[in-house]
Amino acid sequence: MAHKAPGRSYRKGLTVIQLLKMFPDDDAAEKWFEDQRWSEGRFCPHCGSTNTREEKNRKPMPYRCRDCRGHFSVKHGTKMQSSQ
């Protein structure tokens, strides 16, 4: 006999309503992602330097490393790198 998956009431995770309350807009989602990735402070994914700055024209690469001069975003080097 095949094992049945638990019903909806036993599932763990967020509901769509909880997700929308956590991330009402793109800025809130980006802030959360930055806090998760750079909890100890922002660093360059190219060279590892913490000598970075925010660019005036934020999109698509909002940060620049002052040491290697590379541009990057919080998604750089992750599975989400190619997403918009």
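What's counted below: heavy atoms across the whole structure, side chains too, no hydrogens, waters or symmetry copies.
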- prompt: Cys44 versus Phe72: any side-chain heavy-atom pair under 4.5 Å?
  reply: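 Yes, close enough: below the 4.5 Å cut-off.
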
query: Are Cys47 and Cys65 close enough that some pair of their side-chain heavy atoms sits under 4.5 Å apart?
result: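 The answer is yes; the side chains approach within 4.5 Å.
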
- prompt: Rounded to the nearest 0.5 Å, how far does CZ of Arg64 lie from OG1 of Thr52?
  reply: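 With rounding to 0.5 Å, OG1 (Thr52) is 11.5 Å from CZ (Arg64).
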
Straight-line distance of Ile17 CD1 to Met22 CE, nearest 0.5 Å: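 Answer for the CD1-CE pair, Ile17 versus Met22, is 14.5 Å.
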
query: With sequence neighbours left out, what residues match His71 under side chain to side chain donor-acceptor pair (under 3.5 Å)?
result: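 Result, side chain to side chain donor-acceptor pair (under 3.5 Å) vs His71: Glu55.
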
Greater than 12 external heavy atoms within 6.0 Å of Leu14's CG: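 Yes, because the 6.0 Å sphere around CG of Leu14 holds more than 12 heavy atoms from other groups.
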
field: More than 12 heavy atoms of other groups within 6.0 Å of Glu40 CD
entry: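 Atom CD in Glu40 is not packed in, count stays at 12 or less.
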
- prompt: Taking all non-hydrogen atoms of both residues, which atom of Gly13 and which atom of Gln18 are closest, and how far apart?
  reply: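 Nearest pair, atom of Gly13 first, then Gln18: O-OE1, 4.0 Å.
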
- prompt: If you look at every heavy atom in Ser73 and Arg37, which pair is closest and at what distance?
  reply: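 That would be O-NH1, 4.1 Å.
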
query: Where do Val74 and Arg42 land on the side chain to side chain contact (heavy atoms under 4.5 Å, CB included) test, with the steps shown first?
result: CA-CA 9 Å; Val74 69; Arg42 184 173 58 226; over 6 Å; no

Exam field: side chain Ser39 to backbone Gln36, donor-acceptor pair closer than 3.5 Å: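 Checking the backbone N and O of Gln36 against the side chain of Ser39, no donor-acceptor pair under 3.5 Å is found.
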
message: By the side-chain hydrogen bond (donor to acceptor under 3.5 Å, both in side chains) test, which pairs, at least two apart or in different chains, include something from residues 19-28?
response: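 Of all non-adjacent pairs touching residues 19-28, none passes side-chain hydrogen bond (donor to acceptor under 3.5 Å, both in side chains).
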
message: With clusters defined by side-chain heavy atoms of hydrophobic residues (ILVMFWY) lying less than 4.5 Å apart, directly or transitively, does Met61 cluster with Phe43?
response: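 No, because Phe43 and Met61 fall into different hydrophobic clusters, even though each may have its own neighbours under 4.5 Å.
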
message: Can you classify the ring geometry of His76 versus His46 as parallel (below 30°), tilted (30 to 60°) or perpendicular (above 60°)?
response: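 It falls in the tilted class, 30° to 60°.
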
query: Can you check whether Trp38 and Tyr63 have ring centres sitting under 6.0 Å from each other?
result: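 Yes, they do, as the ring centres are separated by less than 6.0 Å.
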
